[in-house]
Structures are given as C-alpha cells and as structure tokens.
Amino acid sequence: MPDAEALRVQVRLSGLEHPELHAALGALPVRSRAERLRQLALLGLRGLSVAPASTAADAQTATIADTAAPDPRRAQLLAALHLDD
C-alpha cells in the first residue's frame, strides 16, 4: 500500500470557472474543505458506477422511482455529507 504522502493532492478552484463550488467551499473552515471535496468526489464516483438512463422517459421514470422509494445507500451518503463544523 502506498504511503499517505504519495496520495496527497492539492486542489485550486477558480471562482470564475466554478462559482458555486468556490462559494460553497469558501464558506467552510479550512480543515473542512478537504473533507467536503472527498465527499463530493465519492458521490461523483458513485454516480459514475450507476448506469445512466437511456432515454428521457427512462430518466423521468428513474427520478419518480427515486423520489417514491429512496435508495438506502444514497440516503446514507447524503446524511454523511453533513459537516458538524
């Protein structure tokens, strides 16, 4: 397993290119920013692993189904996004 130093990443966000993300992260304490980025990255990876709907009708059906019966894993991930800071 690689050491922790090899996994260190530095991220810079432009307020001009990503104003919503820049504002949301700027409002957090410095130590919470990295954790929030990790959470967002995990959600993005999770979204990539789910097969996309093939048509607009399928997408609408999936949205309605998600609203009617939420996925417990999705609910757990969303609940974990709350920062106590």
Atom pair CG (Leu37) and CG (Leu13), whose distance is rounded to the nearest 0.5 Å: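 Taking CG in Leu37 and CG in Leu13, the distance rounds to 6.5 Å.
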Measure the spacing between CD of Glu35 and CZ of Arg38 and express it to the nearest 0.5 Å.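 One finds 4.5 Å between CD of Glu35 and CZ of Arg38.
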Please tabulate, for the side chains in residues 14-27, all donor-acceptor contacts under 3.5 angstrom to protein atoms that are two or more places apart in sequence or on a different chain.
from	atom 1	to	atom 2	distance (Å)
Ser14	OG	Leu16	N	3.1
Ser14	OG	Glu17	N	3.3

Please name all residues satisfying side-chain contact (heavy atoms from CB on, under 4.5 Å) with Val9, sequence neighbours left out, ordered by chain then number.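 side-chain contact (heavy atoms from CB on, under 4.5 Å) check on Val9 returns Val11.
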Strictly by salt bridge (charged side-chain N to carboxylate O under 4.0 Å, His left out), give each pair with a member in residues 39-48 just once, sequence neighbours left out.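 Checked against salt bridge (charged side-chain N to carboxylate O under 4.0 Å, His left out) - neighbours excluded - the pairs reaching residues 39-48 are Arg46-Asp71.
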